[in-house]
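Below is one structure; the comments refer to it alone.
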Amino acid sequence: MAAFAAVRALQLFLRKEEYQSCILLKVDCSSSSSSSTTSTTSTTTASSSTSTDDEDNVLVQDGRLSRGNLSSLDVRVVTDHLDIVLSHLKSRRASTEAMEAAKEIASTKQERSRLIQERDAALSVRKEQSAIVGMLMRKKNNDNNDDEDLQQAKTLSSRATQEAQEKEEQLALLEEKVATLLAGLPNLLDDSVVDGDDETQNQIVKEWGDPQALPKQLEWMTDNDDGDDYCFKPKWHDDVASGLMGYKAEEAVRMSGSRFVALSGVVAQLERALGAFFLDMHTTKHGYTEVSVPLVVGRTALEGTSQLPKFEEDLFRIAADSHTCNGQDAFLIPTAEVPLTNMHRESILQAATDLPISYVALTPCFRAEAGSYGRDTRGLIRTHQFSKVELVKITTAETSEKEHEALTSHAEACLEALKLPYRKVRLCSGDIGFSARMCYDLEVWLPGQEEYREISSCSNTGDFQARRMGLRYRPEPEPETDAPNNKKKKNKKPKPQLCHTINGSGLAVGRALVAVLENYQMPDGSLKVPDVLIPYMGGKEVLKI
C-alpha cells in the first residue's frame with residue numbers, strides 16, 4: 001500500500017506540473033513574451049493544433065517551430081524549411097547523425113540544380129548537333145567541306161550524349177543518397193506534442209477507474225478502520241498463472257530460447273478469450289472490418305510503414321535460401337499494422353466511396369527486442385512473440401484528427417469493459433515513435449507490480465507512411481457550375497492527395513492477460529473472470545486448480 005500511495009502521490013504531482021503551457025504556447029521569434037496557458041482537465045485534453053504559415057516563425061515548445069501546414073518530410077520540405085525540420089529533430093532528442101543528414105539533404109539543392117542544368121545543356125547540344133547531322137546526311141553534294149562538318153557534328157553529338165549520360169548517372173546517385181538520408185528522418189511533430197526527454201515527461205490527459213475498486217470487490221482489504229490495507233500482497237501475473245498451472249516458461253525456453261513463454265489450460269483459454277472479445281467488440285460495435293493477414297512480409301512493406309531501414313535489428317528476418325517475398329528479404333511481422341496498412345500501397349482510393357477504411361486483425365507479433373537487454377526479463381511484459389489486436393484507419397487529412405481520437409476511444413472501451421483502471425497519456429517529444437506525429441499511450445494499472453504499464457499505443461502518422469508506400473486518394477470533385485448558354489461547366493478532376501494513416505493496439509492481448517491476472521486475482525489463489533469474458537470462458541466465473 002505504501003508503494004501504491006507513492007505512485008498516486010507522484011501521479012498527482014505530475015498532473016499539476018504537466019504541460020503547463022498545455023495546448024500551444026505561441027511566441028513570436030522576435031519576442032520573449034509568451035501567451036497565456038491552458039491546463040488540462042482530469043478527463044480530456046483538447047488536441048488543438050493551429051496551422052500557421054512558417055514565415056510567421058511560431059514557437060510551440062522550447063524552441064520547436066510550428067509545423068504549420070507542412071506535410072511529412074520530403075526533399076522540398078527539408079530544403080525549404082530546414083529551420084523547422086531541425087527544431088523538430090532537436091525536440092525529439094534526435095541523434096547528431098540525423099541532424100547532419102537533414103543539413104546534408106538541404107545542401108544538395110544547388111548540386112542537384114547544377115547537374116540538371118548541365119544535363120539539359122548537354123541534351124540541347126545533342127539535339128542541335130543531331131539535327132545538323134541529319135541535314136548534312138540529306139545533302140546530295142558530299143564535298144570535302146561537308147564531310148568535315150558532318151564528322152564534327154557527329155563528334156559533338158557523341159560527346160554531348162556521353163556528358164548527358166554522365167550527368168544523369170551522377171544525378172541518380174545523388175538522389176539515391178538523398179533518399180537514403182531521408183528514410184532515416186522521423187516525422188514532424190504535431191503542435192500539441194509537449195516537449196520532454198522521456199516517458200517521465202509524458203502528459204497525463206485522462207484517468208479512468210479506481211485502482212481500489214476491484215480489490216474491495218475481491219476482498220483484498222483488511223477489516224481495519226482505514227480499509228486501505230490489503231490482507232495479502234498482490235502477486236505478479238506469472239505467479240498467478242503458475243498457481244493456476246498454466247505458466248510454462250521453462251518449457252518454452254528449452255525449445256525456443258529466452259523471452260518465449262508457453263501457456264496452458266485455463267490461462268491459455270483466458271488469453272484466447274481476450275483476443276476473441278476484442279475482435280468482436282471492434283467488429284460489432286466500432287465498425288471495423290476483420291482481416292486475416294500474412295505473417296511474413298517483404299522489405300518494401302516494412303519500408304512503407306517505416307520499420308525499415310532504421311529498425312531492422314528489432315525484426316526477425318527469414319533466411320533468403322528459405323523464403324523471399326517477390327525476390328525481397330522476408331521478415332516476420334512485428335505488428336499487423338504492417339500488412340494492414342500495406343493492403344492499399346500504391347493505390348488511389350476514392351474519398352467519396354472508400355474512406356475512411358477501418359481494419360482490425362488479431363495476429364502473433366514477433367520482435368527481436370534488440371535494444372532491451374536486461375529490461376523486463378520476467379513474465380509476459382516483453383517477449384519475442386505475443387498476440388495483439390491491431391486497429392488501422394486510412395483516412396483523409398481533414399478527418400485525420402477525428403479518426404485518431406475515435407480509434408483511441410475504441411481501445412479505451414476495451415479496458416473499460418474489463419473494468420481495468422488505466423490512464424491515457426500524450427507522449428512527449430522525446431518518447432514519441434519514429435513515424436508518429438502525435439501519439440496516445442494507454443497505461444493499465446498492475447497491482448502486482450504497483451505501477452502503470454503501457455497496453456496500447458495509438459499513433460497518427462499523418463501522411464508519413466502514405467508517402468513512403470504511395471497511398472493516395474482522390475478528393476470528391478467540386479459540383480458543376482453554371483456556364484454561358486445555360487450549360488453546366490464540368491470542373492477538373494481533382495488531383496490525388498496522400499492519405500493519412502492511423503494505428504493502435506486494441507489491445508495487446510498478452511499485456512491484457514497480465515492486467516487481468518494481476519487485477520482479478522483472489523487471496524486464495526483463484527482468479528475471478530471479468531464479467532464480459534464469462535461467455536468466452538464457457539460460463540466459468542472463477543478459475544482455480
Donor-acceptor pair, side chain of S124 and main chain of D120, under 3.5 angstrom = no
Check step by step if side chain to side chain contact (heavy atoms under 4.5 Å, CB included) holds for L302 and L315.
-> CA-CA 10 Å; L302 289 156; L315 302 174; 3.9 Å; yes
Side-chain heavy-atom pair F434, K310 within 4.5 angstrom cut-off | yes
Could you please spell out the steps behind the side chain to side chain contact (heavy atoms under 4.5 Å, CB included) verdict for E405 and Y440?
-> CA-CA 9 Å; E405 296 292 336; Y440 292 118; 2.7 Å; yes
Could you give the side-chain donor-acceptor pairs of residues 100-107 under 3.5 Å, partners two or more places apart or in another chain?
from	atom 1	to	atom 2	distance (Å)
E104	OE2	K177	NZ	2.6
S107	OG	E104	O	2.7

Enclosure of Q350 CD (heavy-atom neighbours >12, cutoff 6.0 Å) = yes
Under 3.5 Å side-chain donor-acceptor pair for Y359 and E390 = no
Could you state the interatomic distance from NZ (K495) to CZ (R474), rounded to the nearest 0.5 Å?
-> 11.0 Å
For A301, does its backbone N or O pair with a side-chain atom of N342 as donor and acceptor, under 3.5 Å?
-> yes
So OG of S429 and CZ of R64: to nearest 0.5 Å the spacing works out to 6.0 Å
Minimum heavy-atom separation for S72 to V77, with atom names?
-> O-CG2, 3.9 Å
Heavy-atom pair with the smallest gap, counting every atom of R468 and G304 | CB-O, 3.7 Å
Is it true that the side chains of R345 and T300 contain a donor and an acceptor less than 3.5 Å apart?
-> no
Are the side chain of R367 and the backbone N or O of D314 linked by a donor-acceptor pair below 3.5 Å?
-> no
Is the number of heavy atoms from other residues, nucleotides or ligands within 6.0 Å of CD (E166) greater than 12?
-> yes
For V296 against C325, the heavy-atom pair lying closest together = CG1-SG, 3.9 Å
Tell me, with the steps shown, if T305 and N503 meet side chain to side chain contact (heavy atoms under 4.5 Å, CB included).
-> CA-CA 11 Å; T305 47; N503 63 78; over 6 Å; no
E168, E163, E169 screened by salt bridge (charged side-chain N to carboxylate O under 4.0 Å, His left out) with R119, the one that passes = E168
Would you mind reporting whether S258 and F260 have side-chain heavy atoms less than 4.5 Å apart?
-> no
Does P356 reach the side chain of K393, with side-chain heavy atoms less than 4.5 Å apart?
-> no
With side-chain hydrogen bond (donor to acceptor under 3.5 Å, both in side chains) as the test, would you mind laying out the steps for T501 and Q465 before giving the verdict?
-> CA-CA 7 Å; T501 59; Q465 293 179 333; 2.8 Å; yes
When rounded to the nearest 0.5 angstrom, what distance separates CG in L156 from CZ in R126?
-> 13.5 Å
Starting from the C-alpha separation in whole Å, work towards a yes-or-no answer on side chain to side chain contact (heavy atoms under 4.5 Å, CB included) for V392 and M343.
-> CA-CA 11 Å; V392 163; M343 293 273 288; over 6 Å; no
Which pair of non-hydrogen atoms, one from A160 and one from A122, has the smallest distance, and what is that distance?
-> CB-O, 3.3 Å
Indicate yes or no for a side-chain donor-acceptor contact from S400 to the backbone of H500 under 3.5 Å, with no hydrogens or angles considered.
-> no
All side-chain hydrogen bond (donor to acceptor under 3.5 Å, both in side chains) counterparts of H88, not counting sequence neighbours = none
Sidechain-backbone polar pair: R67 side chain, I84 backbone, donor-acceptor under 3.5 Å | no
Is any side-chain heavy atom of E451 closer than 4.5 Å to a side-chain heavy atom of E443?
-> no
Output for pair (L407 CG, S358 OG), nearest 0.5 Å, gives 8.0 Å
Cation-pi between K206 and Y422: NZ/CZ under 6.0 Å from ring centre and within 45° of the ring axis?
-> no
Straight-line distance of R259 CZ to R382 CZ, nearest 0.5 Å | 6.5 Å
Short question: side chain of T108, backbone of E111 - any donor-acceptor pair under 3.5 Å?
-> no
G430 backbone acceptor or donor facing D198 side chain under 3.5 Å = no
For P339 and A336, the nearest pair of non-hydrogen atoms, with its separation, is CD-O, 3.2 Å
Has the side chain of T461 got a donor or acceptor atom that lies under 3.5 Å from a matching backbone atom of S435?
-> no
Just wondering, do S71 and R467 contact through their side chains at under 4.5 Å, heavy atoms?
-> yes
Any donor-acceptor pair under 3.5 Å linking the side chain of R511 with the backbone of I381?
-> yes
Would one find more than 12 heavy atoms of other residues, nucleotides or ligands at under 6.0 Å from atom CZ of R378?
-> yes
On the 0 to 90° scale, with breaks at 30° and 60°, tag the H286-H282 ring pair as parallel, tilted or perpendicular.
-> tilted
Nearest heavy-atom approach of V261 to G379 is CG2-O, 4.3 Å
Kindly compute the distance separating NZ (K127) from OG (S157), expressed to the nearest 0.5 Å.
-> 13.0 Å
Within a strict 4.5 Å, meaning less than it, do heavy atoms of the H384 and F366 side chains meet?
-> no
Is a donor on one side and an acceptor on the other found under 3.5 Å between the side chain of R92 and the backbone of N187?
-> yes
Side chains of L391 and L340 in contact at under 4.5 Å (non-hydrogen atoms) = no
Taking the side chain as every heavy atom from C-beta outward, state whether E401 and M438 have any pair of such atoms under 4.5 Å apart.
-> no
When you check the gap from the basic side-chain N to the acidic O, do R93 and D195 get nearer than 4.0 Å?
-> yes
What's the verdict on salt bridge (charged side-chain N to carboxylate O under 4.0 Å, His left out) for R299 and E312, showing C-alpha distance, side-chain angles and the deciding distance?
-> CA-CA 10 Å; R299 182 173 289 275; E312 184 163 348; 3.2 Å; yes
